[in-house]
Amino acid sequence: MKKLAQLTAAGVLTMGLAACGQTAEPTPETTEEQTSDMTLEEVFDRSMEVSSETKSLSAKIDMNQSMNQPSQDLAMETASVMDMDITMDPLAIHQKGTTTMKMEGSEEEQAMNTEMYMTEQGFFMNDETTGQWVKLPSEMYEQIAQMSEQQSDPSQQLKQLEAFKDDFTFEQTDSEYVLKLSASGKKFNALIEDQMAQFMPELGGEESQAALDEMMKAMNIEKVDYTINIDKESFQTTAVDMMMDMTMEIEGEKMEMNQVMNADYSNYNGVETITVPEEVVSGAQEMQL
């Protein structure tokens with residue numbers, strides 16, 4: 001879940017480290033009056049300042065994922081639409097959405113509505129099939145909260161993204177700066193491993209490292225593209241688009257995956273305190289690990 005919050009504020013904006021001395025290339029429709037001579041480093045620094053002051057925001061996430069296992073003639077498509085309100089300190093999230101799954105060759109779609117609260121009161125999810133609210137174990141909430149804190153630290157993000165500083169492009173329109181990153185291969189796998197390692201240690205020592213090593217050995221990022229839009233006046237992130245192609249090979253079986261995510265951000269500092277309704281807290285069944 002933190003991966004969704006990561007796309008907010010500091011986590012996303014740190015991608016502006018790239019090619020820090022260049023100015024933004026105007027797109028053809030950019031007027032001369034609205035052309036900025038700010039460098040990427042200047043935009044990055046200002047965006048970081050704004051992100052550090054962000055207290056809350058709303059997000060709309062559209063995500064499509066396809067998985068294909070050629071040897072088994074198996075393919076599945078999943079589409080999710082999520083609306084989220086997020087507050088940063090303390091981290092709290094209220095999310096509602098719909099996820100649809102479809103197997104290749106089948107005309108039937110399986111749709112599921114979801115709702116979730118994650119606050120200091122706990123981590124609550126609604127089971128649509130029964131209408132019952134479920135409270136997840138406190139250990140899960142603590143791990144997610146810890147991961148959120150780690151990945152919202154700008155210095156950590158800068159270290160992770162430093163290897164990609166020569167891979168960014170920097171453009172501008174009349175109203176926005178546009179940051180683009182295209183990466184592939186083992187260099188990007190190293191970044192994924194760094195991010196995974198932040199929460200894998202919670203599983204415990206050698207077992208955690210063995211699981212991480214096995215997963216990374218099986219995973220290969222073929223290609224990933226990011227497009228990040230930052231408002232010229234407010235320096236707030238307005239949108240993040242991501243496309244990723246990856247493969248996994250386990251016991252000789254290869255699986256191909258493609259993920260496309262479009263995230264739009266709005267309502268900066270306009271979200272009120274997120275509180276889990278009393279009927280949810282009192283009626284939720286506790287899930288055991």
Side-chain angles (χ1 to χ4, degrees), residues 3-62 84 86-89 148 150-184 187-188 191 194-195 223-244 260-271:
K3 290 299 178 188
L4 297 174
Q6 179 187 6
L7 294 179
T8 66
V12 169
L13 295 173
T14 52
M15 288 188 177
L17 180 63
C20 53
Q22 72 182 79
T23 58
E25 181 71 22
T27 57
E29 66 273 14
T30 306
T31 61
E32 185 175 354
E33 292 78 9
Q34 297 299 323
T35 298
S36 168
D37 61 359
M38 289 186 70
T39 66
L40 185 52
E41 183 175 17
E42 291 170 335
V43 171
F44 168 74
D45 289 344
R46 183 70 182 108
S47 298
M48 285 297 302
E49 181 182 348
V50 170
S51 74
S52 68
E53 299 169 353
T54 297
K55 296 178 173 58
S56 66
L57 78 164
S58 299
K60 182 178 181 63
I61 313 292
D62 289 333
M84 305 172 60
I86 306 167
T87 60
M88 303 300 179
D89 189 18
S148 301
Q150 289 175 339
Q151 295 194 0
S152 63
D153 182 349
S155 65
Q156 296 299 318
Q157 295 298 318
L158 290 174
K159 291 177 183 177
Q160 291 176 348
L161 293 166
E162 186 176 6
F164 300 97
K165 62 184 178 181
D166 296 328
D167 299 318
F168 278 89
T169 63
F170 185 37
E171 301 176 348
Q172 63 178 303
T173 66
D174 275 353
S175 60
E176 293 182 324
Y177 297 104
V178 183
L179 285 61
K180 295 183 179 181
L181 169 66
S182 181
S184 61
K187 185 170 73 168
F188 199 79
L191 173 61
D194 285 343
Q195 294 175 336
K223 182 181 180 182
V224 62
D225 295 327
Y226 279 95
T227 301
I228 304 166
N229 294 64
I230 298 174
D231 184 85
K232 277 186 171 180
E233 293 188 5
S234 67
F235 291 90
Q236 295 167 341
T237 299
T238 60
V240 175
D241 298 330
M242 184 273 289
M243 186 282 293
M244 181 172 65
V260 178
M261 185 195 69
N262 306 110
D264 294 316
Y265 299 94
S266 61
N267 195 28
Y268 274 83
N269 301 324
V271 178

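Computed over heavy atoms, backbone and side chain alike; hydrogens, waters and symmetry mates excluded. If you're wondering where the values come from, they're calculated on a predicted model, not measured in any experiment.
- Here D264 contributes atom CG and D62 contributes atom CG; the two are 7.5 Å apart, rounded to the nearest 0.5 Å.
- V50 and S234 make their closest contact through CG2-O, 3.4 Å (heavy atoms, listed as atom of the first residue, atom of the second, distance).
- Side chains of D37 and T23: no donor on one and acceptor on the other come within 3.5 Å.
- You'll find the side chain of M243 reaches within 4.5 Å of the side chain of K223, heavy atoms only.
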Practice prompt. May I have the step-by-step check of side-chain contact (heavy atoms from CB on, under 4.5 Å) for E42 and R46, ending in yes or no?
Written response: CA-CA 6 Å; E42 291 170 335; R46 183 70 182 108; over 6 Å; no
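- A distance-only check finds a donor-acceptor pair linking the side chain of N269 to the backbone of K55 [under 3.5 Å].
- Taking 4.5 Å as the limit, some side-chain heavy atom of V224 sits within range of a side-chain heavy atom of M242.
- Within the 4.5 Å cutoff, the side chain of T169 has no heavy atoms near those of the E25 side chain.
- Summarising the geometry, atom CZ belonging to F170 is positioned 7.0 Å from atom OG1 belonging to T39; distances are rounded to the nearest 0.5 Å.
- Scanning both residues, A263 and D241, for their nearest heavy atoms gives N-OD1, 4.1 Å.
- The structure places NZ of K232 at 12.5 Å from OG1 of T238, a figure rounded to the nearest 0.5 Å.
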Discussion item. Run the side-chain contact (heavy atoms from CB on, under 4.5 Å) test on N229 and Y177 for me, step by step, so that the C-alpha distance in whole Å, both residues' side-chain angles and the decisive distance to 0.1 Å come before the verdict.
Written reply: CA-CA 6 Å; N229 294 64; Y177 297 104; over 6 Å; no
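- With hydrogens and angles disregarded, a donor-acceptor distance shorter than 3.5 Å links the side chain of T27 to the backbone of Q172.
- Atoms OH and CD1, on Y265 and I86 in that order, are 7.0 Å from each other to the nearest 0.5 Å.
- Looking at V178 and T227, their side chains come closer than 4.5 Å, going by heavy atoms from C-beta outward.
- A 4.5 Å side-chain heavy-atom check between M38 and F235 finds at least one atom pair inside the cut-off.
- At least one side-chain heavy atom of E29 sits under 4.5 Å from a side-chain heavy atom of T173.
- At a threshold of 4.5 Å between non-hydrogen side-chain atoms, the residues D174 and E33 do not count as touching.
- Distance alone, capped at 3.5 Å, is enough to place a donor-acceptor pair between the Y268 side chain and the T237 backbone.
- Heavy-atom minimum distance, S56 versus V271: OG-N, 3.1 Å.
- Contact check for S175 versus Q34: no side-chain heavy atoms found under the 4.5 Å cut-off.
- E171 CD to L179 CG: the interatomic distance, rounded to the nearest 0.5 Å, is 9.5 Å.
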Item to complete: Decide yes or no on side-chain contact (heavy atoms from CB on, under 4.5 Å) for I61 and M84, but give the supporting numbers first.
Response: CA-CA 8 Å; I61 313 292; M84 305 172 60; 4.1 Å; yes
